[in-house]
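Written out below as C-alpha cells is the structure these notes cover.
Chain identifiers are assigned alphabetically (A, B, ...) following the order of the sequence lines, protein sequences preceding nucleic acid strands; residue numbering begins at 1 within each chain. Because only heavy atoms are used, hydrogens play no part in the values below, and waters and symmetry mates are left out as well, while side chains stay in. Keep in mind it's a predicted model, so treat the numbers as computed, not measured.
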2 protein chains.
Amino acid sequence: MASNRSSAGDPAHTLALLWGVPAAPAGGRRGPRQAHSPAEIAAAAIGIADAEGLDAVTMRRVAQELGLSPMALYTYVPGKAELLDLMLDTLYAAMPRTAPADPGWRARAAAVADDNRALYAAHPWTAAVPTTRPPLGPGLMAKYEYELRALEGTGLDDVRLDAALTHLLGFVHTCARMAADERAARQDSAMSDQQWWEANADLLARVLDPARYPVATRVGAAAGQAQGGAYNADHAYEFGLPRVLDGLAALIEQVPDR
Amino acid sequence: MASNRSSAGDPAHTLALLWGVPAAPAGGRRGPRQAHSPAEIAAAAIGIADAEGLDAVTMRRVAQELGLSPMALYTYVPGKAELLDLMLDTLYAAMPRTAPADPGWRARAAAVADDNRALYAAHPWTAAVPTTRPPLGPGLMAKYEYELRALEGTGLDDVRLDAALTHLLGFVHTCARMAADERAARQDSAMSDQQWWEANADLLARVLDPARYPVATRVGAAAGQAQGGAYNADHAYEFGLPRVLDGLAALIEQVPDR
DNA sequence: AGAATCTCTGTACGCCGTACAGTATACACA
DNA sequence: TGTGTATACTGTACGGCGTACAGAGATTCT
C-alpha cells in the first residue's frame, strides 16, 4: 500500500482536481470523453463510505459502483489519497452556511461546532480519514471563510483567530472520533459497551484491585454508571463545548461583544 | 485485512494478555517453552514503530525482528489488534509518575498534559493508533489512576472529574495528531511545509480569489507567516493548553484550590 | 486518411493479515 | 522408561489491497 493518507500525492494535480482546473493546457481534447465526472466519483465513494464504512472504500469497489474497471478510476483521480481528499472537500462544500450575525460570538462559535458535529454524525467515517494536510479545495476554503467570519468581531487578531478556530474544530473532531470508535467497537465485537463490561466483569474484578487503583475504580465506576458506558462521546461533547467556549472567553474577555 | 484496530479481538484473551494472566488453567505446561516474552514482543514492535513508523509494524516484520517465522507471533498474541494494545499499554506503564501534590490544580493538570505530550513526542505513532476501546491493561490503569489523582481536590464530582480528564487528554491527542501529520506530510512528500506552499503558489494564487475568500486569505496568510507554515502543532498546544485550563477553571471556579 | 491522444480493460506484482496443516519439542503419566 | 499429548514453531496458501504496465478501442486534429 503506497499511501492511504489524504493529500499524499502530487500537490499540483490534487489541487487542479479539487478546483476543477483541467490538467491539460486546454484546447480540444483528443480521445473519448470520460463517462463520469469527478463529482460522480466523489458521490459514489461517499455513498459507499456512508453505507459500509471507510474500509469499504477501495478503488475496486468504487470502480464497480460506477461500472468501471478498477484501473479506469486512475484517469479521474491520481490515487486513493486524492480520492479521499475529493470526498472530504465535497462534503465541506455542501455544509450548511446559514447562521447570520448572531447576537454573541459564543452562539456563533457554538453553531460552528454544531455544524461540524452534524457533519461527523451524518458521515462518521470522516472522523477517521487520516489527513496529513487537509484538502485545500474550494469546499474547505468556503468552510474556513465561513467559520472565521463566525469568530470575527471578537477582537482577536488574525493569528489568534485562526488558532481559536483550530482549537474549536479540534475539540469537535476529538468527540467525533470517540463517537466513531464507539460505533466501531459495538459493530465488530457485536456487543454493546454494557455487554462488553459484563462479559469481562470476572477477569476485571480479579485484576482491577481497588486497593491499588482506588481513585480509578471509584471514578471509573461513577462515570460508567452515569454515562451508560465507559466512554460516551455525546457526554464528552456536552461537557466539553462549554469548557472550550469558556476557555476562549477568558482570552476574549473584556472585548465588547460585537 | 480483518482488523487493524486496537482492541478488536476477543476481549477476555486480550485482557489476559495485557495483565499477564496465563491463558491455560495453570499446572505444568507441556511442550516447548516460548523463546520470548510478551514484553519482548512489545519492545520489538515499539522499536520498529519508533524507527520506521506505524506502517512498518507488520506481523512479518515484528517476527523477523525476533528471529521468528511470521505465524509464530500468533502464539504470543491473538492478532495484530492485540499487539497494538500491548504496545500502547507497555508505553503507558512506563510513563513518568513523578509530580507530587503540586500547589495548584492548574500546575498539576498542565503536568499531566505535558507528560502525555512527551509520550506522543517520543513515540509519534501512538497518536495514529486507531483505538476503538483503549487497551484496559495495567499500564492504562496506572496512568488513569495517576492522572485522576492529579485532578482530585478540585471539588469536581467523580463524573466531572472523569470528563475533565478526558477533555484534557483529548486536547493533547489532537495536538499530537497534528504534529504527526506534519511530520508525515513532510516525509512522504519530501518537502517542508514551506516548500509545499511555494511549489503551489501559482495555482493557489490563481484559485484563491481574495475577493471570494477575503477573511480566509487574510487570516491564512497571517497565521502561516506567524507560525512558519499553515499548521503548527506546537503553536496549537501553546495556544490551546491555557484555553483548556481556563475552561476547566470556569467550572471549578470558587472551589478553594485544594 | 493517418497520426496523435485519450479512455478504459486485463493482467500482474508485491504487500498485508492470517487460516491451516504439518513437524519438532518437552513434559505427564503408564 | 516409554509413550501420548499439548505446545511452539514452520511453510504454504488465500483473499484482499493499491497500483504499475501493456495493450485495445474511440475520438479528434493535421
Side-chain angles (χ1 to χ4, degrees), chain A residues 1-10 13 22-38 40-41 45 48-49 52-86 129-130 188, chain B residues 1-6 8-10 13 22-38 40-41 45 48-49 52-85 129-130 188:
Chain A
M1 182 189 324
S3 170
N4 211 5
R5 251 183 259 106
S6 172
S7 296
D10 178 37
H13 278 178
R29 331 246 300 118
R30 254 182 266 220
R33 304 287 159 115
Q34 287 187 317
H36 303 277
S37 67
E40 283 179 80
I41 309 290
I48 294 169
E52 304 166 45
L54 195 57
D55 288 350
V57 179
T58 67
M59 298 302 269
R60 287 168 170 83
R61 181 83 176 70
V62 174
Q64 174 196 322
E65 202 74 14
L66 294 161
L68 289 174
S69 93
M71 289 310 292
L73 259 192
Y74 287 89
T75 58
Y76 294 87
V77 154
K80 183 163 186 190
E82 289 77 11
L83 174 59
L84 292 172
D85 281 347
L86 189 58
V129 178
D188 56 49
Chain B
M1 182 188 325
S3 170
N4 210 5
R5 253 182 256 104
S6 172
D10 178 36
H13 277 178
R29 329 243 305 118
R30 254 182 266 220
R33 305 287 161 113
Q34 287 187 316
H36 303 277
S37 68
E40 283 177 80
I41 309 290
I48 295 169
E52 304 167 43
L54 194 57
D55 288 350
V57 179
T58 68
M59 299 301 270
R60 286 167 171 85
R61 181 82 177 69
V62 175
Q64 174 197 322
E65 202 74 15
L66 294 161
L68 290 175
S69 91
M71 290 309 293
L73 258 191
Y74 288 89
T75 58
Y76 294 87
V77 154
K80 183 163 185 189
E82 290 77 11
L83 174 59
L84 292 173
D85 281 347
V129 178
D188 54 50

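Contact between A:V57 and A:A45 at its shortest, heavy atoms only, is CG2-O, 3.7 Å. Contact between A:M59 and A:G79 at its shortest, heavy atoms only, is CE-C, 4.2 Å.
Summarising the geometry, atom OG1 belonging to A:T58 is positioned 6.5 Å from atom NZ belonging to A:K80; distances are rounded to the nearest 0.5 Å.
In this structure, B:K80 atom NZ and C:dC15 atom C1' are separated by 12 Å, rounded to whole Å. Residue B:R30 contributes atom CZ, which lies 8 Å from atom P of D:dT5 at whole-angstrom precision. Look at CD on B:Q34: it is 12 Å from P on D:dT10, rounded to the nearest Å. One can place CE of A:M59 at 15 Å from C1' of D:dG16, the figure rounded to the nearest angstrom. Regarding A:L73, its CG atom lies at a distance of 14 Å from the P atom of D:dA20, rounded to whole Å. If you measure from atom CD1 of B:I41 to atom C1' of D:dA8, you get 12 Å, rounded to the nearest angstrom. One interatomic measurement links the two molecules: CD of A:E82 to P of D:dT19, which rounds to 8 Å at whole-angstrom precision. We find that CG of B:D55 is positioned 14 Å from P of C:dC15, with the value rounded to whole Å.
With B:H36 contributing its side chain and B:I41 its backbone, the two residues share no donor-acceptor pair below 3.5 Å. The main-chain N or O of B:S37 is found under 3.5 Å from a side-chain atom of B:E40 such that the two form a donor-acceptor pair.
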Report task. Dump the intermediate steps for side chain to side chain contact (heavy atoms under 4.5 Å, CB included) on A:L84 and A:L54, then the final yes or no. Result -> CA-CA 10 Å; A:L84 292 172; A:L54 195 57; 4.0 Å; yes
Requested in this report: Kindly indicate, with the supporting measurements, whether the criterion side chain to side chain contact (heavy atoms under 4.5 Å, CB included) is fulfilled by A:L68 and A:V62.
Outcome: CA-CA 8 Å; A:L68 289 174; A:V62 174; over 6 Å; no
Query - Intermediate values then yes/no, side chain to side chain contact (heavy atoms under 4.5 Å, CB included), B:L73 and B:L66 - result: CA-CA 9 Å; B:L73 258 191; B:L66 294 161; 4.3 Å; yes
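You'll find that the side chain of A:T58 is closest to D:dC17, out of D:dC17, D:dA6, C:dC6.
Contacts with DNA chain C (heavy atom under 4.0 Å) in residues 60-72 of chain A: A:R60, A:L68, A:S69, A:M71, A:A72, listed by number.
Side-chain contact between A:V77 and A:P38 is absent, with no heavy-atom pair separated by less than 4.5 Å.
If you find the closest nucleotide of DNA chain D to B:T75 and to B:G31, the one lying nearer the 5' end belongs to B:G31.
At least one side-chain nitrogen or oxygen of A:Y76 sits closer than 4.0 Å to the OP1 or OP2 atom of C:dC8.
One axis for each end of the helix from C:dA1-D:dT30 to C:dA30-D:dT1, each built from five base pairs, and the angle between them comes to 10° at 10° resolution.
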